[in-house]
J.: 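Starting off with a structure, shown below.
We count residues from 1, following the sequence as given.
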Amino acid sequence: MRKVISFMHISLDGFTATTKNEMNWIHVDDEIFDYAGDRTNVADTAVYGRVTWEMMDAYWPTAADQPGAGKHEREHSAWYKRVEKIVLSDTLKDAKKDKTRFFGSGDVVENIKALKQQPGGEIVLFGSPGAVHSLMEHQLIDEFWLFVNPILLGDGNPMFKGITEKVKLKLITSKAFSSGVVCLHYERITN
């Protein structure tokens, strides 16, 4: 069975964005890109919420073609164009786009369950706190890669919200970066 893996930047106090949805406090550099890229490169499907997908789709298809594009832009742009994209959105559920499928809220659970049963590589979920909340509610996320930024926001959009049952996790790896960001890789314990 394929795994759904969530990649998320969070503050030390567990928020994904400020109350104004600002994310300018997130630290990303080549060291983090290389570390995350080693994992995303084995995935052949990406899941996004609508807002994150619109932001990604506006940038990544042509990022490698921009003047001064670096190694990360070239590699991630190629990966983005190659993989299947799943967008969780009620407003775009009837949209059509190459290598992109749109799932409305009424069919997300069954479609993600079916996707996990199909042959293929890992399924990565980038950012998209609303999509994370939706998939967590139905225990459809198998692993969490939490990039904990050394900042306390005090308030904002929480990473973990609406959990009605305990979710046991096992720490697989932790990696401290020179920036002070720490990646915590957890696997959900299913028994």
Side-chain angles (χ1 to χ4, degrees), residues 1-10 16-17 20-24 26 28 32-33 36-147 157-162 188:
M1 180 181 330
R2 299 167 75 185
K3 291 181 178 182
V4 174
I5 300 166
S6 173
F7 279 78
M8 183 74 74
H9 279 271
I10 64 171
T16 61
K20 295 179 182 177
N21 286 321
E22 297 165 327
M23 294 182 287
N24 56 352
I26 292 173
V28 181
I32 293 171
F33 280 135
D38 287 343
R39 184 59 183 250
T40 58
N41 287 336
V42 299
D44 62 4
T45 305
V47 177
Y48 303 98
R50 179 191 55 82
V51 173
T52 303
W53 174 75
E54 287 176 338
M55 181 178 60
M56 297 294 198
D57 203 58
Y59 179 72
W60 286 114
T62 60
D65 305 328
Q66 301 305 314
K71 171 184 172 265
H72 171 67
E73 285 81 13
R74 291 188 305 273
E75 289 175 357
H76 197 74
S77 180
W79 178 85
Y80 185 86
K81 289 188 273 189
R82 180 176 67 245
V83 301
E84 178 180 16
K85 288 154 287 290
I86 304 296
V87 181
L88 309 183
S89 171
D90 285 328
T91 57
L92 296 175
K93 65 183 177 184
D94 297 321
K96 304 278 188 246
K97 184 156 176 107
D98 186 44
K99 292 190 177 184
T100 306
R101 292 192 281 166
F102 300 87
F103 296 164
S105 59
D107 54 2
V108 167
V109 173
E110 291 309 312
N111 281 328
I112 296 294
K113 284 181 179 178
L115 190 63
K116 289 178 72 165
Q117 298 298 323
Q118 296 170 3
E122 293 176 342
I123 304 163
V124 294
L125 171 58
F126 286 106
S128 307
V132 170
H133 298 156
S134 177
L135 296 184
M136 280 177 45
E137 180 181 347
H138 300 285
Q139 299 179 18
L140 292 172
I141 298 177
D142 302 292
E143 296 182 15
F144 296 91
W145 286 57
L146 304 174
F147 291 84
N157 188 3
M159 169 69 188
F160 300 105
K161 173 171 116 174
R188 185 170 55 89

J.: Any pair with a residue in residues 113-134 that passes salt bridge (charged side-chain N to carboxylate O under 4.0 Å, His left out), sequence neighbours left out, goes on the list, sorted by first then second residue, please.
T.: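 Found Arg39-Glu122, Lys116-Asp142.
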J.: Measure across Ser134 and Val108 and return the closest heavy-atom pair with its distance rounded to 0.1 Å.
T.: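 Where Ser134 meets Val108 most closely, the heavy atoms are OG-CG1, 4.4 Å.
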J.: Under the 3.5 angstrom rule, does the side chain of Lys99 hit a backbone N or O of Tyr80 as a donor-acceptor pair?
T.: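 Here the side-chain-to-backbone pair does not exist.
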J.: If I compare all heavy atoms of Ala69 with all of Ala63, which pair ends up nearest, and what's the gap?
T.: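 Closest pair (atom of Ala69, atom of Ala63, distance): CB-O, 3.4 Å.
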J.: Take the angle between the ring planes of Phe102 and Trp53 and call it parallel below 30°, perpendicular above 60°, tilted in between.
T.: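 Ring orientation of Phe102 relative to Trp53: perpendicular.
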J.: I need the minimum non-hydrogen distance between Arg82 and Asn41, along with the two atoms involved.
T.: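 Between these two residues, the closest heavy atoms are NH2-O, 4.4 Å.
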J.: May I have the step-by-step check of side chain to side chain contact (heavy atoms under 4.5 Å, CB included) for Asp57 and Lys97, ending in yes or no?
T.: CA-CA 11 Å; Asp57 203 58; Lys97 184 156 176 107; 2.9 Å; yes
J.: Applying side-chain hydrogen bond (donor to acceptor under 3.5 Å, both in side chains), can you list everything that pairs with Ser89, at least two apart in sequence or on another chain?
T.: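 Partners of Ser89 under the side-chain hydrogen bond (donor to acceptor under 3.5 Å, both in side chains) test: Thr91.
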J.: Under 30°, 30 to 60°, or over 60°: which ring-plane class applies to Phe126 and His76, parallel, tilted or perpendicular?
T.: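 Ring orientation of Phe126 relative to His76: perpendicular.
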J.: Contact between Arg2 and Thr45 at the side-chain level, heavy atoms closer than 4.5 Å - yes or no?
T.: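 In contact.
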J.: Measure from the side-chain N and O atoms of Ser77 to the backbone N and O of Glu75, and report whether any donor-acceptor pair falls under 3.5 Å.
T.: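 No, the answer is negative, given that no donor and acceptor are paired below the 3.5 Å cut-off.
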J.: What residue among Trp145, Phe144, Phe147 forms ring pair (Phe, Tyr, Trp, His ring centres under 6.0 Å) with His9?
T.: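 Of all the options given, the one that passes is Phe147.
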J.: Identify the heavy atoms of Val83 and Ala43 that sit nearest to each other, and give their distance.
T.: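 Of all heavy-atom pairs spanning Val83 and Ala43, the closest is CG1-O, 3.8 Å.
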J.: Is it true that a side-chain atom of Asp44 and a backbone atom of Gly121 form a donor plus acceptor pair closer than 3.5 Å?
T.: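 Here the side-chain-to-backbone pair exists.
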J.: Any side-chain to backbone donor/acceptor pair from Glu73 onto Gly70? Under 3.5 Å, distance only.
T.: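 Yes; judged by distance alone, with no hydrogens or angles, the pair exists.
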J.: Ignoring hydrogens and geometry, is there a side-chain-to-backbone donor-acceptor pair from Trp79 to Thr40 under 3.5 Å?
T.: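 The answer is yes, because a donor-acceptor pair under 3.5 Å joins these two groups.
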J.: Once rounded to the nearest 0.5 Å, what's the spacing between atom CZ of Arg101 and atom CD of Glu84?
T.: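 Separation between the atoms: 4.0 Å.
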J.: Pick from Val132, Ile123, Leu115, Leu135: which one makes a side chain to side chain contact (heavy atoms under 4.5 Å, CB included) with Leu140?
T.: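 Single side chain to side chain contact (heavy atoms under 4.5 Å, CB included) partner of Leu140 among Val132, Ile123, Leu115, Leu135: Leu135.
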J.: Can you sort out the partners of Asp90 under side-chain hydrogen bond (donor to acceptor under 3.5 Å, both in side chains), two or more places apart, ordered by chain and number?
T.: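 Counting only residues at least two positions away or on another chain, Asp90 forms a side-chain hydrogen bond (donor to acceptor under 3.5 Å, both in side chains) with Ser105.
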